[in-house]
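Throughout, numbering of the chain's residues begins at 1 and tracks the sequence.
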Amino acid sequence: MQTADATRAVAAATSVASSLGLTADDAIVLHDSNALTLRLLPCDVVARVAPVAQPVARFEVELAQRLVEAGCPVAALDPRVEPRVHERDGLMVTLWTYHEPVSCREIPPADYADALGRLHAGMRKLDVPAPHFTDRVEQAQRLVASRDRTPALADADRELLAGTLSSLKRAIGERGGAEQLLHGEPHPGNVLTTRNGLLFVDLETCCRGPVEFDLAHAPEEVGEHYPGVDQDLLRECRILMLAMITTWRWDRGDQLPDGRRLGMEWLGQIRAALA
């Protein structure tokens with residue numbers, strides 16, 4: 001978020017927490033992207049704040065409750081307040097349980113695969129409406145096609161991304177494999193190492209598709225420990241995922257630190273993978 005928006009988001013989060021009887025005198029930014037994730041102190045609650053224009057917050061709250069009830073490894077909403085979306089100053093605020101990290105070491109791939117497998121098993125039991133993973137691919141395609149939104153993207157790189165997104169979306173779809181509800185972006189940044197084991201956060205990216213699409217976001221070694229993986233499909237999903245996140249880096253509104261350098265680096269990786 002821009003500085004002014006972040007200031008407004010902090011004010012909204014502390015106001016909501018205070019109105020619910022939680023003492024929130026300070027806020028620490030944990031993550032800043034399309035939503036701002038804060039740790040409010042001293043009540044020790046995680047607040048996620050997003051514009052009202054992003055209605056996915058309600059979906060995330062409802063899905064989290066159902067997954068927790070099913071015993072899935074996901075972070076839960078804070079039990080001290082009603083589990084719902086709170087609106088304040090044009091923003092949507094949700095309050096979650098804070099988990100103190102217990103380790104900064106890399107997650108063992110076998111543990112990662114086990115936790116993701118248990119999440120997928122729980123998700124298979126849920127019948128909830130969710131976008132298809134190809135909807136997100138199409139968002140990336142529209143971004144690549146818009147020179148106004150990606151003015152710094154060179155013609156050769158634009159052609160590479162457009163062709164990769166199109167061909168792999170088609171190839172994966174033509175496989176006709178099993179699909180289910182997915183996390184959508186279960187990369188290490190969305191996994192917490194807690195006293196209760198690994199917990200997945202940020203469910204707003206949930207979509208439907210093959211489990212290989214989720215595995216494409218995890219470290220490569222994780223796929224070696226996940227049972228029943230179609231390795232050819234996983235390879236295609238990895239390249240597709242790389243093309244998607246590379247596209248976001250060329251959005252003129254992208255705020256990821258060092259994003260443009262990463263975009264250049266990932267373009268090279270796409271070319272190498274396709275070769």
Side-chain angles (χ1 to χ4, degrees), residues 1-3 5 31-36 50-51 53-54 56 131-175 177 179 182-191 202 204-223 229-275:
M1 288 187 176
Q2 300 291 339
T3 301
D5 293 331
H31 186 65
D32 184 3
S33 58
N34 55 319
L36 188 67
Q54 298 176 13
V56 73
H132 197 259
F133 82 96
T134 53
D135 293 348
R136 295 174 57 199
V137 179
E138 289 164 6
Q139 291 175 6
Q141 289 178 294
R142 288 193 292 272
L143 187 59
V144 169
S146 173
R147 293 181 181 275
D148 288 340
R149 295 178 61 191
T150 55
L153 187 59
D155 288 346
D157 297 333
R158 191 181 304 276
E159 182 178 348
L160 172 68
L161 289 174
T164 302
L165 292 166
S166 177
S167 62
L168 288 178
K169 182 183 72 171
R170 181 176 60 253
I172 294 170
E174 290 174 350
R175 285 180 175 273
E179 297 188 345
L182 304 173
H183 180 286
E185 288 187 358
H187 54 69
N190 282 334
V191 185
D202 198 356
E204 66 178 18
T205 55
C206 281
C207 58
R208 301 197 69 84
V211 295
E212 286 81 2
F213 183 77
D214 260 3
L215 283 165
H217 292 78
E220 287 194 19
E221 297 81 1
V222 174
V229 173
D230 182 329
Q231 293 296 335
D232 289 335
L233 175 56
L234 177 55
R235 176 184 175 277
E236 291 176 341
C237 286
R238 283 193 177 122
I239 301 173
L240 177 64
M241 179 274 297
L242 188 58
M244 291 168 65
I245 63 174
T246 301
T247 298
W248 310 142
R249 304 291 72 83
W250 293 94
D251 187 339
R252 66 181 182 184
D254 184 51
Q255 297 179 42
L256 185 72
D258 214 16
R260 191 54 52 85
R261 182 192 63 79
L262 289 172
M264 291 296 297
E265 179 182 322
W266 293 341
L267 283 167
Q269 291 180 18
I270 293 170
R271 287 191 169 90
L274 292 174

Checklist entry - If you draw a 6.0 Å radius around CD in Glu265, do more than 12 non-hydrogen atoms from other residues or ligands fall strictly inside? => result yes
Next on the checklist: Could you check whether atom CD of Glu179 has more than 12 heavy atoms from other residues, nucleotides or ligands sitting under 6.0 Å from it?
Outcome noted: yes
Next on the checklist: Check this for me: does any side-chain nitrogen of one of Asp135 and Arg208 sit under 4.0 Å from a carboxylate oxygen of the other?
Outcome noted: no
Checklist entry - Any ion pair linking Arg175 and Glu212 (charged N to carboxylate O, less than 4.0 Å)? => result no
Minimum heavy-atom distance between [X] and [Y], given as atom pair plus value:
X      : Y      : value
Cys207 : Gly184 : SG-CA, 4.1 Å
Leu240 : Lys169 : CD1-N, 4.4 Å
Gln141 : Ser166 : NE2-CA, 3.6 Å
Arg249 : Gly263 : CB-CA, 4.0 Å
Pro210 : Leu233 : CB-CD2, 4.0 Å
Ala35  : Ala50  : CB-CB, 4.0 Å

Less than 4.5 Å apart, any side-chain heavy atom of [X] and any of [Y]?
X      : Y      : value
Thr247 : Leu153 : no
Thr205 : Arg136 : yes
Met241 : Leu215 : no
Glu220 : Leu234 : no

Next on the checklist: With side chain to side chain contact (heavy atoms under 4.5 Å, CB included) as the criterion, how do Leu161 and Ile270 come out once you've worked through the C-alpha distance, each side chain's angles and the decisive distance to 0.1 Å?
Outcome noted: CA-CA 9 Å; Leu161 289 174; Ile270 293 170; 3.8 Å; yes
Interatomic distance, [X] atom [atom1] to [Y] atom [atom2] [nearest 0.5 angstrom]:
X      : Y      : atom1 : atom2 : answer
Gln231 : Glu236 : CD    : CD    : 12.0 Å
Leu168 : Leu274 : CG    : CG    : 7.0 Å
Thr134 : Gln139 : OG1   : CD    : 10.5 Å
Arg142 : Leu165 : CZ    : CG    : 11.5 Å

Counting only N and O atoms by type, is there a donor-acceptor contact under 3.5 Å from the side chain of [X] to the main-chain atoms of [Y]?
X      : Y      : answer
Ser167 : Gly163 : yes
Asp214 : Leu182 : no
Arg158 : Ala145 : no

Item to check | Under the ring pair (Phe, Tyr, Trp, His ring centres under 6.0 Å) test, residues paired with Phe133 that sit two or more places apart | outcome: Phe213
Checklist entry - Run the side chain to side chain contact (heavy atoms under 4.5 Å, CB included) check on Arg235 and Arg238 step by step: do they pass? => result CA-CA 5 Å; Arg235 176 184 175 277; Arg238 283 193 177 122; 5.7 Å; no
Item to check | side chain to side chain contact (heavy atoms under 4.5 Å, CB included) assessment of Thr164 paired with Thr246 | outcome: CA-CA 11 Å; Thr164 302; Thr246 301; over 6 Å; no
Checklist entry - Between Thr150 and Leu143, is a side chain to side chain contact (heavy atoms under 4.5 Å, CB included) present by the stated rule, with each step listed? => result CA-CA 7 Å; Thr150 55; Leu143 187 59; 3.7 Å; yes
